[in-house]
Amino acid sequence: MKRRDILKGLTILPLTSGLIGKAAALHTLTTPKPAPKRDFFKELDVTPVINAGVTMTFLSGSLMLPEVLEAINSTSHDFANMYELQDKVGGKIAEMLHVEAAMVTSGASCAIVLGTAAAITGTDQSKIKQLPNLPDPRPEVIMQKTHRYLFDQAVSTTGAKIVEVDGPEGMENAINSNTVMALFFNASEKKSSITHDEFVRIAKKHNIRTFIDAAADVPPVENLFKFQKMGFDLITFSGGKMIHGPQSAGLLFGRKDLITAARLNHSPNEAPIGRPMKVNKEEMFGMYAALKVYLEKDHHKEWNDWLQRAKRIGTTLETVSTVKTEVVVNPGPANAFPSLNVTWDQTKVKTNPKDVLVALKSGTPSIVANRHDDTLIIGVVLLRPDQIDVVASRVKAILQQAV
Ligand SMILES: *Cc1c(COP(=O)(O)O)cnc(C)c1O
């Protein structure tokens, strides 16, 4: 992709330019243009969407980086032993994240299933074979009452029972011989009755494994290192959110014995609970490539670029009478990045955010944004550079029409 941009740039330079003097460049310039690529969106009549929101699974997560596509394309021509591949990719990811072990899962949801399964079965093949139909008593997983969320069904999928607790004392009292794990939902940290540190301390005291779901909690990049330092045994992040890996990939990392057990519960083994949650070879390479770019990129520069995008759209929209915009940063821990809040006097600009969203979505190109009460929220972090002005002018036109 980058290469094509460079070539496009070159074609508008005068031929006398020093750059063009190079034989290689001349050769590429005289090579005929490739035939137009097959357009699968058109072929299947699928609507391409501009995501002016946040990463959402129903909207296909995030766009894969060129390096991820390179990893996928360049590795698709040879077979690989999937045990070896998971060994090597997992080993490299563990090194990059300063943990004992890591693996690529089919998303954070799969990581929760596999992490819970690992805590239940260890390396016991008979238990691995029985899951989720273990004989009574059911294994128990502790969660704070205020941390219950939709994704904890991935815990119950293993046959484990979730036991809700409140406060450190409640947690301590709930631990018994059936307790296999304690799960912390990081995005609910502000609603916690038990802090991260207390949670880990109590669990360790009773030899209970700890798991933290931080699926959508980068940026900041530091979060990829934060929870292993706190002492959590298992950690998950989605691959297809702000890390920009394959949507169906995710990371599970932490203690070596637990990753070993998680892998025994996963594909390419034929029977276990994780077998239907296969990750293909290309996506394993792709997840590695995405993480490498993510760790090495200039996060400060990216952040400033996001702020500039939001300001740019804001400046365009404020040319409409009464429209006010504000660049806001979501406090996180999930989706902690800038976006643009847009408000207006609805007696002068006679429309509301709900109707604007409908107009954006049904227009061409189709744009998905968000709202909160009377505020239209325009996300900027998932826009391609060429989509920034498209979004600005579409929103402006819709508001202008209502004046
Ligand atoms: C997105 C998300 C998940 C699911 O992750 P996938 O990678 O889509 O499987 C789980 N937990 C939280 C908190 C999430 O935000």
Side-chain angles (χ1 to χ4, degrees), residues 51 53-65 68 89-90 93 97 102-118 141 143-158 160 162 181-192 196 199 210-220 223-224 226-227 232 234-254 262 265-267 273-280 283-284 286-288 290-291 294 330-337 339 368 370 379 381-382:
N51 187 352
V54 297
T55 56
M56 286 174 284
T57 292
F58 93 94
L59 260 192
S60 63
S62 59
L63 298 182
M64 289 186 278
L65 298 162
V68 176
V89 167
I93 291 172
L97 296 179
M103 67 183 293
V104 180
T105 62
S106 61
S109 280
C110 167
I112 299 169
V113 173
L114 295 183
T116 310
V141 171
M143 283 186 75
Q144 301 186 48
K145 203 176 209 155
T146 51
H147 284 208
R148 291 299 307 273
Y149 65 142
L150 284 173
F151 288 107
D152 68 34
Q153 190 168 354
V155 170
S156 319
T157 300
T158 64
I162 294 171
M181 195 176 89
L183 172 65
F184 196 103
F185 172 34
N186 194 51
S188 274
E189 69 171 350
K190 291 180 187 93
K191 291 192 283 178
S192 299
H196 291 92
F199 197 82
T210 47
F211 188 122
I212 187 160
D213 175 0
D217 301 355
V218 286
N223 279 358
L224 281 165
K226 183 175 172 181
F227 307 112
F232 279 92
L234 286 173
I235 300 152
T236 187
F237 283 86
S238 290
K241 291 179 181 166
M242 293 304 281
I243 299 175
H244 293 279
Q247 186 190 11
S248 41
L251 297 170
L252 177 63
F253 55 93
N265 279 285
H266 196 216
S267 178
I273 193 158
R275 170 60 192 240
M277 304 162 202
K278 185 189 279 178
V279 183
N280 72 22
E283 287 184 326
M284 287 209 193
M287 188 67 243
Y288 158 70
L291 183 65
Y294 191 72
N330 186 321
N335 301 323
F337 40 69
S339 57
V368 171
N370 285 305
V381 302
L382 299 173

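First listed ligand is number 1; within each ligand, the first listed atom is number 1.
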Report the C-alpha separation of Y294 and H244 in whole Å, then their side-chain angles, then the decisive distance to 0.1 Å, and conclude whether the ring-ring contact (aromatic ring centres under 6.0 Å, His included) test is met.
CA-CA 8 Å; Y294 191 72; H244 293 279; 7.9 Å; no
If you measure every N/O of [X] against every N/O of ligand 1, is any gap under 3.5 Å?
X: G239; value: no
X: S109; value: yes
X: D213; value: yes
X: S238; value: yes

For a 4.5 angstrom cut-off between non-hydrogen side-chain atoms, does V141 reach D152?
no
Would a 4.5 Å heavy-atom cut-off, applied to side chains only, mark V381 and V54 as touching?
no
Please check: side-chain N/O of T158 versus main-chain N/O of T116, any donor-acceptor pairing under 3.5 Å?
no
Under 3.5 Å donor-acceptor, S106 side chain and A249 backbone
no
For atom 6 (P) of ligand 1, what's the nearest protein heavy atom and its distance?
A108 N, 3.3 Å
the protein heavy atom lying closest to atom 4 (C) of ligand 1 turns out to be F151 CE2, 3.4 Å
Looking only at heavy atoms, is any part of T236 under 4.0 Å from ligand 1, and if so is it the side chain, the backbone, or both, or is it neither?
neither
Is it the side chain, the backbone, both or neither of K241 that has a heavy atom closer than 4.0 Å to ligand 1?
side chain
Which of the numbered atoms in ligand 1 are below 4.0 angstrom from a heavy atom of [X]?
X: A216; result: 15 (O)
X: F185; result: 13 (C)
X: T57; result: 8 (O)

Is a donor from one side chain sitting under 3.5 angstrom from an acceptor on the other, for Q144 and S188?
no
Side chains of D217 and N186: do they bring a donor and an acceptor to under 3.5 Å?
yes
To which of A215, G250, S248, A249 does the heavy atom nearest atom 12 (C) of ligand 1 belong?
A215
If the plane angle is over 60° it's perpendicular, under 30° parallel, otherwise tilted; pick one for Y149 and F185.
parallel
